[in-house]
Amino acid sequence: MLSALQNPRQAAAQVLNFVLILSTAFMMWKGLSVLADSPSPIVVVLSGSMEPAFQRGDLLFLWGRNIFEETKVGEIVVYNVKGKDIPIVHRVVRKFGVGDEAKLLTKGDNNLADDTELYARGQDYLERKDIVGSVVAYIPFVGYVTIMLSEHPWLKTVMLGIMGLVVVLQRE
Amino acid sequence: MAVSAEKISVHSIADLKNTSDDAIPNYLNSLGFTQSHTLSDTRLALGYSAFAICAATFCWDYQFGFESTKYYTAVAVLLYSILNGALTFWIWAVEKGTVYVGTNKNGDKIQVATKTQKHVPIYNVTITTYSKANPTVPNPISLKKPFTQWFDKQGHFVSLPFQQMFASNVSVIGKADPTKVVEKKKVANVEGANKSMDEKWASLLAESSGVSLDDLSGGTAAGTGSVKSKGRPKKN
């Protein structure tokens with residue numbers, strides 16, 4: 001470590017190792033986003049409103065392209081409510097019209113009422129552009145780690161710190 | 001005798017290799033070789049430009065959101081994978097573990113690549129020299145030496161035997177540093193497992209006394225020869 005400070009090239013190479021791990025992870029995420037045409041192609045279920053289909057902590061893979069057919073009733077979609085940045089996973093239960101202008105109504109399988117209550121003030125339905133993507137695959141429970149991390153934010157700092165230290169101190 | 005103050009863990013192959021790798025440029029530069037950094041500079045340039053693209057993508061994504069920038073992002077992802085692929089290719093096919101490239105005053109070029117296998121404490125060094133007369137004809141020399149030859153029990157790096165290994169086996173280095181050239185060697189051999197215990201001890205002793213005598217007398221080949229122990233014909 002100390003010798004690395006005396007040799008700028010070696011220091012640069014070691015920093016590069018660390019930086020490339022982070023940037024490769026980020027670019028893979030972005031690549032997946034572009035491919036799936038969805039700003040966030042992998043999401044974690046945070047609530048139990050879709051039980052028994054999805055539990056808290058399930059990891060969902062989203063697909064945002066409507067190449068062969070458009071979003072239809074029965075599909076499970078993730079949408080963002082206007083002005084809020086919390087993605088919600090619910091099922092499309094009504095659809096009026098066709099194309100990008102179609103009006104969609106969603107409801108959680110485990111909820112008694114549909115989502116009109118959840119939508120923003122003055123918003124009575126969803127449009128295609130509100131939808132982040134349709135669920136195409138899922139892995140149960142794996143995402144629980146991120147729930148832990150968001151409920152205990154100090155864990156994030158600890159994890160990042162450990163990862164950084166390990167990479168900087170080792171040259172393997 | 002030059003012994004490093006820094007200690008490393010003798011059980012970590014990575015530590016052994018890195019310390020040895022770092023000693024090579026030190027030694028060769030001290031002999032008047034001019035180090036060329038083209039290989040590592042290219043690697044750094046590839047790596048950091050990939051990172052620059054990633055940083056830019058992060059910034060515009062953060063600033064303007066996904067939807068309005070997704071075509072730029074697609075291009076950036078493509079560029080990033082190309083650069084990263086080039087970097088991987090460079091490390092794997094061009095650098096091939098090269099730790100030193102240098103030229104001496106006569107114009108002879110030397111390139112040193114090192115390699116270790118997992119859990120095998122043997123240093124594989126390939127020294128390729130290109131003479132000035134024939135700059136396209138490589139003259140490779142491969143060495144396989146146990147790290148025990150230049151690390152002591154505590155994990156100190158001992159430079160003399162390490163430098164002797166290079167000076168004795170590579171003529172270009174030998175000419176630049178004639179005091180470190182040692183006749184075909186004895187050395188407590190890890191490979192020579194079929195020797196008797198006595199012989200091993202003898203060669204070990206010879207090695208250690210030879211090394212210290214080398215230091216005192218300025219290390220002429222005759223000086224080392226005079227303390228060589230039984231069973232080895234003196235050539236000089």
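Values in this document were obtained by computation on a predicted structure and should not be read as measured data. Throughout, a chain's letter reflects where its sequence line sits, starting with A, and its residues are numbered from 1.
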Checklist entry - With only heavy atoms counted, which part of B/Ala76 is less than 4.5 Å from chain A, the side chain, the backbone, both or neither? => result both

Checklist entry - Got a second to check how far B/Asp61's CG is from A/Trp29's CH2, nearest 0.5 Å? => result 10.5 Å

Checklist entry - If you draw a 6.0 Å radius around OH in B/Tyr72, do more than 12 non-hydrogen atoms from other residues or ligands fall strictly inside? => result no

Next on the checklist: Take a 6.0 Å sphere around CZ of A/Phe18 and say whether it holds more than 12 heavy atoms from other residues, nucleotides or ligands.
Outcome noted: yes

Checklist entry - Does CZ in A/Arg94 sit with more than 12 non-hydrogen atoms of other residues, nucleotides or ligands closer than 6.0 Å? => result no

Next on the checklist: To the closest 0.5 Å, what do you measure between CG (A/Leu22) and CZ (B/Phe51)?
Outcome noted: 8.0 Å

Checklist entry - With only heavy atoms counted, which part of B/Ser40 is less than 4.5 Å from chain A, the side chain, the backbone, both or neither? => result side chain

Checklist entry - Between A/Ser23, A/Ser40, A/Ser33, A/Gly31, which residue shows the highest count of heavy-atom pairs closer than 4.5 Å to chain B? => result A/Ser23

Checklist entry - Which members of residues 111-119 of chain B, sorted by number, sit under 4.5 angstrom from chain A on a heavy-atom basis? => result none

Checklist entry - Can you check side-chain contact (heavy atoms from CB on, under 4.5 Å) on A/Met27 and B/Asn84, steps first, answer last? => result CA-CA 11 Å; A/Met27 286 317 256; B/Asn84 224 344; over 6 Å; no

Checklist outcome for this item: Taking every heavy atom of B/Lys70 against every heavy atom of A/Val34, the minimum-distance pair comes out as O-CG2, 4.0 Å

Checklist entry - Counting heavy atoms not belonging to A/Tyr125, are there more than 12 under 6.0 Å from its OH? => result no

Item to check | Nearest-0.5 Å distance that lies between atom CD in A/Gln10 and atom CG in B/Asn18 | outcome: 7.5 Å

Item to check | Validation row: B/Leu87, A/Leu20 side chains within 4.5 angstrom (heavy atoms) | outcome: yes

Item to check | Atom CZ of B/Phe58 with >12 non-hydrogen neighbours under 6.0 angstrom | outcome: no

Item to check | Proximal component of A/Ser38, with respect to chain B [non-hydrogen, under 4.5 Å] | outcome: backbone

Next on the checklist: On a heavy-atom basis, which atom in B/Tyr48 and which in A/Leu16 lie closest, and how many Å separate them?
Outcome noted: OH-N, 3.5 Å

